[in-house]
Peer 1: 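This structure is in structure tokens; I'll ask about it shortly.
Within every chain, numbering begins at 1; the chains are lettered A, B, ... in the order of the sequence lines, protein sequences first and strands thereafter.
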Number of protein chains: 2
Amino acid sequence: MMKVNENQTEHIYDERREQIKRAALKLFAYRGITGTKMSMIADEAGISQGLTYRYFNSKEELFTELIQEAMDESQSAIKNIHHLPSTPTEQIRALTKIMLDESHKHYFLLVQQAQTSEGVPERTKQVLEQYSSKDTIDQLLPILIKGQQTGEFCAGDPFRLLLLYFSVISGLILQGVHSEANWLEEVDSLMKILMK
Amino acid sequence: MMKVNENQTEHIYDERREQIKRAALKLFAYRGITGTKMSMIADEAGISQGLTYRYFNSKEELFTELIQEAMDESQSAIKNIHHLPSTPTEQIRALTKIMLDESHKHYFLLVQQAQTSEGVPERTKQVLEQYSSKDTIDQLLPILIKGQQTGEFCAGDPFRLLLLYFSVISGLILQGVHSEANWLEEVDSLMKILMK
DNA sequence: GTCTATATCTCGATAGAC
DNA sequence: GTCTATCGAGATATAGAC
């Protein structure tokens, strides 16, 4: 008969954890780990600074957990692409749109921040390497090669082409942060990089 | 007869200033202003931490001076493009190569960092706005429009096309930091964004 | 569970010896 | 001119009251 209460307590606990993570994601994505203070995260989440440490042992742990989530998220986005039964062009277009989409932006920004700035803790680097951009691209290689065979995509080293393409997308997301630009409408312009 | 000594002293002073600036540029570009500690800059320059303050009043001043320099540098790169008497395609290609070039990379990265991360001091923001990316693109508009008239470039809003293109370049530079990729060979792939 | 208070540390900036 | 020592602000992380 203790069960219900226990579950409820656990539920509240998880909720608060998520609340802190949402606040932290937003801040980390825009300001990086060194530029984000724990007090800012607490403010954004509407709780006291000290309480944050009841849910996360350190700033580093919080940051790393978010990176892990972001990686999982992008992995599953790529997995889903393969299940869409359409042309390579449409598959890449769909993935591009997901990446540029408002709801995924923070995650991609966070990873971008972590990969480019050097003030990242050792523990976090390990998570980043675990799913390297190389693996991500390896998964997309079959799609690109098929597109080259059908004549939709241009010739050239498929790996290098994909690396270029996704570097471009990542860069655009970062750039768009301030300019308020919405590159979603420019997907076709971007895809010209891959097209014949 | 004091003149010679005075000049020499001044020369040594300027040399050291440049030495600090070189060290700071490298660090700021990769780690941002909040991720870079004055002690790191001093280490990189091979001097003591305290000495840095004999040459710059504050970290902010050092950062802002570098931003100013980076802006001047990119402005003059764009000015020079107009004096090259060649086709629009060649002009844009030349500018792209300059931006991706090793020697300019740090400057472009620094500006990128400053424009995207939020922990930037107020004074620096003013310098950034002084030469906004809008002005930069405005200067290149005639080239793009000419290219559209000659049929080299694709149709579409010239401003939006250029903004997209230079966002792509900036993003690539950032992305390339760690992957050691050299996108110089990919200039033609990138320019497909603009081409017919 | 949550907040306030505080110990501890890190960093920017200054002071003073050489 | 340069270094070492140190101050003071602000941040992370902990402790203790409610």
Peer 1: Before accepting this row, confirm whether a basic side-chain N of the pair B:Asp101/B:Lys97 lies closer than 4.0 Å to the acidic partner's carboxylate O.
Peer 2: no
Peer 1: Do A:Ser39 and A:Gln49 pair up side chain to side chain, a donor and an acceptor below 3.5 Å, judged on atom types alone?
Peer 2: no
Peer 1: Is B:Glu61 salt-bridged to B:Arg123, going by a charged N under 4.0 Å from an acidic O?
Peer 2: no
Peer 1: For a 4.0 angstrom threshold against heavy atoms of chain B, report the outermost contacting nucleotides of DNA chain C in 5' to 3' order.
Peer 2: C:dC11 to C:dG16
Peer 1: Consider salt bridge (charged side-chain N to carboxylate O under 4.0 Å, His left out). Of A:Arg22, A:Lys21, A:Lys26, which one does A:Glu44 pass it with?
Peer 2: A:Lys26
Peer 1: Base, sugar-phosphate, or nothing: which does B:Phe56 touch, judged by heavy atoms less than 4.0 Å apart?
Peer 2: nothing
Peer 1: With no hydrogens and no angle check, do the side chains of A:Thr96 and A:Tyr165 hold a donor and an acceptor under 3.5 Å apart?
Peer 2: yes
Peer 1: Please confirm whether the ring centroid of B:Phe28 lies under 6.0 Å from the ring centroid of B:His106.
Peer 2: no
Peer 1: Assign A:Arg54 to base, sugar-phosphate, or nothing according to its heavy-atom contacts below 4.0 angstrom with the strands shown.
Peer 2: base
Peer 1: When you compare the protein's N or O atoms with those of nucleotides 10-14 of chain D, which come within less than 3.5 Å of each other, and at what distance?
Peer 2:
unit_1 : atom_1 : unit_2  : atom_2 : d
D:dT12 : OP1    : A:Met38 : N      : 3.1
D:dT12 : OP1    : A:Lys59 : NZ     : 3.3
D:dT12 : OP2    : A:Met38 : N      : 3.2
D:dA13 : OP2    : A:Tyr53 : OH     : 2.9
D:dA13 : OP2    : A:Lys59 : N      : 3.0

Peer 1: Does either side chain, that of B:Glu152 or that of B:Thr150, offer a donor lying less than 3.5 Å from an acceptor on the other one?
Peer 2: yes
Peer 1: So, are A:Arg17 and A:Glu65 salt-bridged, with charged N and O less than 4.0 Å apart?
Peer 2: yes
